[in-house]
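In what follows, every chain begins at residue 1, and chains take the letters A, B, ... in the order their sequences are listed. Side chains included, hydrogens not; waters and symmetry mates left out as well; all remaining heavy atoms used.
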Amino acid sequence: HIEEAGITEEYVGFATLPNQVHRKSVKKGFDFTLMVAGESGLGKSTLVNSLFLTDLHKDRKLLNAEERIRQTVEITKHTVDIEEKGVKLKLTIVDTPGFGDAVNNTEPITQYIDQQFEQYFRDESGLNRKNIQDNRVHCCLYFIPPFGHGLRPVDIEFMKALQDKVNVVPLIAKADCLTPLEIKKLKERLREEIDKYGIKIYQFPDCDSDEDEEFKQQDKDLKESTPFAVIGSNTVVEARGQRVRGRLYPWGIVEVENPSHCDFVKLRTMLIRTHMHDLKDITSDCHYENYRAQCIQNMTRSVFHSPLAPLSPPCVYPAPLQLRRMQQMLQKMQQQMHEQEL
Amino acid sequence: MSDVVPPEVRPKPAVPAKPPNVGAPSPSSPFPPQGLGVGGGGISAPPPSAIPVPIGSHGPSHGGSHGMGHGVGHGVSHAGSHSGSHSSSAGSTLLGYIGIDTIIEQMRKKTMKTGFDFNIMVVGHSGLGKSTLVNTLFKSQVSRRSAGWARDEKIPKTVEIKSVSHVIEEGGVKMKLTVVDTPGFGDQINNDNCWEPISKYINEQYEKFLKEEVNITRKKRIPDTRVHCCLYFISPTGHSLRQLDIEFMKRLSHSVNIIPIIAKSDTLTTEERQEFKQRVRKELEMSGIEFYPQKEFDEDMEDKSDNDKIREAMPFAVVGSDKEYQVNGKRVLGRKTAWGIVEVENPNHCEFAQLRDFLIRSHLQDLKEVTHNIHYETYRAKRLNENGGLHPISSTDTQESNL
């Protein structure tokens with residue numbers, strides 16, 4: 001703390017800068033977009049509810065098998081405002097129902113992520129930048145079923161398709177059907193395979209050397225327990241004299257927030273309490289910048305080569321749909337500016 | 001005695017403590033202890049008397065915002081909305097606490113690591129104590145004069161722009177402070193257009209930033225050389241503003257934050273000072289000069305009331321000094337004369353302390369934000385409207401950009 005010392009002190013006062021910065025941020029509030037992906041029935045919605053103490057899916061209808069066959073992967077968004085100790089968070093959960101049931105699972109999702117980037121790019125390049133809404137996906141929790149023996153082809157394909165667009169955090173779902181030893185083996189197996197296939201999942205940044213020991217230990221524990229094995233629950237049970245979130249089985253009670261039962265607490269700590277800001281930073285500094293650089297290069301190439309001619313056949317340029325949209329956007333922007341001048 | 005109420009320093013927001021240690025491990029037995037005293041502690045104890053309660057039964061109903069598009073953005077305050085039995089009581093592991101407020105701590109760590117930039121420009125004719133004042137403000141030798149320039153160097157024939165940077169640190173916060181001096185301003189016989197080099201410099205910094213922003217591969221942190229604050233020194237004539245003062249401020253108040261101050265105010269008695277300030281304020285108003293903090297950028301009632309107080313007290317009448325003297329057993333910065341010591345930080349003597357509190361302790365960040373969100377955006381919009389559009393330039397592109 002800096003005390004307001006007496007008249008003559010060597011104290012200038014700009015040490016209050018961080019507080020000045022944060023005062024504004026607190027006033028404005030924060031936002032965070034979390035995507036959940038994985039087959040249906042892996043407890044995604046329940047986990048999200050447990051993480052944010054919400055009940056976002058009260059009235060949802062679970063589809064039967066027949067209905068599922070006709071499914072394509074949908075993208076649904078739920079937004080909720082949460083406030084805690086004066087800090088406001090606008091949380092958006094992007095769900096991907098139908099994943100795993102459809103033929104083409106990955107494309108609708110990568111398209112969605114790109115769309116958010118495109119929207120942000122437009123806003124950022126536009127004239128009125130005062131209140132840009134950031135809908136970019138900051139983190140994608142990918143649920144791996146606990147029943148297998150490692151990554152399946154769909155897992156590998158999905159994570160590789162998304163690794164350069166979003167922070168991918170793989171999770172072992174419904175971990176309460178595994179014994180601790182099985183979990184350990186599965187985690188090792190998964191880590192090996194992630195390495196082997198060169199899948200770039202979200203990496204925790206290294207701790208500063210000047211952090212206290214407690215924090216460093218916590219950080220080490222986090223890094224060593226990935227991928228997290230999680231359980232979620234929408235029900236409260238009585239255990240050891242307390243009311244806790246849990247699942248009641250005839251052979252015992254699984255407590256969601258008990259670190260010896262599952263990694264839920266670790267996930268929550270990482271996602272919300274220690275790395276939320278970093279997730280947003282990486283999204284904005286790496287994933288978004290990559291997208292933007294790619295976009296601009298495509299745009300410039302097309303503008304310089306054929307400003308008036310119609311767009312070349314798709315085999316010449318990558319992602320022609322994107323390119324055309326970018327060109328349209330540029331033209332629209334210029335039109336708007338000319339209209340403003342009049 | 002001065003009857004001007006010193007502007008309030010904004011209260012520092014409480015920095016939240018580090019997040020409580022989460023999840024103290026406690027092994028749970030497979031069979032939770034009996035609470036009802038039914039039967040003995042046999043091995044095959046009856047199942048625990050736990051009744052799952054759906055969470056949705058507590059607090060205000062969300063009304064399930066599902067489906068495409070945005071949910072109803074109502075604020076659900078979780079800290080208090082759980083039913084009494086599982087609100088966060090001391091000791092119990094956080095059933096009702098998510099931990100969102102820790103993002104502030106995360107941000108603060110990050111910003112402390114990256115450090116801050118601040119660029120301040122001083123404008124006024126020579127001899128008004130600009131360099132001394134800046135040194136006094138930041139309690140270090142940060143101005144150009146201290147960087148080894150001769151004290152008796154000649155006044156330049158045209159306005160020059162000279163900038164000097166230093167990194168100063170306080171309380172773990174590192175700040176790269178750049179002081180931009182403008183020797184030659186107002187010193188000629190004919191001072192026509194002497195604001196032009198200054199205006200050009202300010203716009204050049206905006207242009208630099210803009211170019212970085214539209215680059216294909218952008219730097220993670222674009223170096224910020226834009227002028228965040230321009231201290232304009234008014235000569236303490238006691239009469240009124242000079243024509244040059246009005247011309248300068250009129251032309252530049254829309255591209256940079258201008259803070260007018262009355263320099264060397266120890267030549268004015270308290271009454272003279274009050275009168276002069278009122279007259280200056282009136283003239284500024286009549287000329288339509290919006291100095292910082294500009295009324296139109298007050299964001300909410302709280303801002304407005306804070307800033308109104310400051311606007312009433314401006315322009316601050318200041319005295320600068322880098323010499324220390326003993327007064328009443330304390331060491332103070334001041335100017336020693338035959339009739340007494342002018343104490344720089346004494347609010348009864350001059351308004352330096354108020355200027356410092358306003359500039360550094362409460363509005364430093366705001367100065368940067370207004371520069372970035374308003375002045376820079378104005379410049380950028382103007383540039384985008386010229387030449388029919390802005391094309392991104394690659395850093396390796398040797399072609400002429402379309403700007």
Side-chain angles (χ1 to χ4, degrees), chain A residues 2 7-8 10 12-23 25 30 52-53 55 57-60 76-85 87 89 127 129 234-240 242-243 248 252 255 257-260 265 269 272-273 276-277 285 289 293 296-297 333-334 337 341, chain B residues 12-13 19 22-23 25 27-28 30 32 50 52-56 62 64-66 68 70-71 73 75 77-79 85-86 92-93 98-104 106-108 110-112 116 138-139 170-171 173 175 216-217 220 330-332 345 360-361 364-365 377 381 384-385 388-389 392:
Chain A
I2 295 94
I7 295 183
T8 307
E10 285 312 303
V12 173
F14 63 85
T16 60
L17 255 179
N19 288 345
Q20 292 180 38
V21 172
H22 303 146
R23 189 162 183 272
S25 304
F30 299 90
F52 295 98
L53 302 179
D55 199 357
H57 310 275
K58 245 178 18 177
D59 300 323
R60 84 174 164 168
T76 62
K77 259 164 69 165
H78 301 245
T79 304
V80 79
D81 288 317
I82 307 179
E83 178 168 343
E84 207 171 48
K85 296 199 181 152
V87 179
L89 177 74
L127 287 175
R129 309 201 296 181
N234 279 333
T235 57
V236 174
V237 298
E238 178 104 17
R240 297 176 287 120
Q242 282 180 333
R243 295 173 68 84
L248 174 64
E255 297 162 51
E257 294 190 24
N258 188 328
S260 53
V265 167
T269 303
I272 302 174
R273 296 184 193 174
M276 185 177 260
H277 196 64
D285 295 341
E289 289 294 317
I296 294 178
Q297 278 174 339
M333 250 171 68
Q334 296 186 344
M337 291 174 225
E341 278 172 34
Chain B
K12 300 187 199 104
V22 169
S28 70
V53 171
I55 294 253
H62 300 271
S65 52
H66 47 266
M68 299 284 246
H70 301 272
S77 153
H78 283 248
S85 53
H86 45 114
S92 84
T93 329
I98 307 170
I100 303 170
D101 54 330
T102 56
I103 194 170
I104 297 206
Q106 297 174 39
M107 266 183 71
R108 143 184 276 266
K110 181 97 195 282
T111 46
M112 298 275 282
F116 300 85
F138 292 98
K139 292 225 165 71
E170 186 178 83
V173 177
M175 181 159 82
I216 293 187
T217 36
K220 197 163 169 173
K330 280 203 292 235
R331 293 200 64 76
V332 296
E345 279 165 313
I360 299 177
R361 295 183 190 176
L364 197 62
Q365 180 61 25
E377 287 296 314
L384 283 183
N385 279 327

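No side-chain heavy atom of A:Phe30 sits under 4.5 Å from any side-chain heavy atom of B:Ile100. Residues A:His22 and B:Thr111 form a side-chain contact, since some pair of their non-hydrogen atoms from C-beta on lies under 4.5 Å apart. Using a 4.5 Å heavy-atom cutoff, the side chains of B:Arg108 and A:Asn19 are in contact.
The shortest non-hydrogen separation linking A:Met276 to B:Gln106 is N-OE1, 3.0 Å. In terms of heavy-atom proximity, A:Phe14 sits nearest to B:Val173 at CE1-O, 3.5 Å. In terms of heavy-atom proximity, A:Ala15 sits nearest to B:Gly171 at CB-CA, 4.3 Å. Nearest heavy-atom pair, B:Ile360 versus A:Gln20, reported as atom, atom and distance to 0.1 Å: O-NE2, 3.0 Å. Taking every heavy atom of both residues into account, B:Glu170 and A:Val12 meet most closely at OE2-N, 2.6 Å.
Of the two parts of B:Met175, the backbone and the side chain both hold a non-hydrogen atom closer than 4.5 Å to a non-hydrogen atom of chain A. Of the atoms belonging to B:Phe138, heavy atoms from both backbone and side chain fall under 4.5 Å from chain A.
The line from CZ of B:Arg361 to OG1 of A:Thr16 is 8.0 Å long, rounded to the nearest 0.5 Å. Expressed to the nearest 0.5 Å, how far CD of A:Glu84 lies from OG1 of B:Thr102 amounts to 8.5 Å. Once rounded to the nearest 0.5 Å, the distance linking CD of B:Glu377 with CZ of A:Arg129 reads 4.0 Å. Between the CD1 atom in B:Ile98 and the CG atom in A:Leu89 there is a gap of 8.0 Å [rounded to 0.5 Å].
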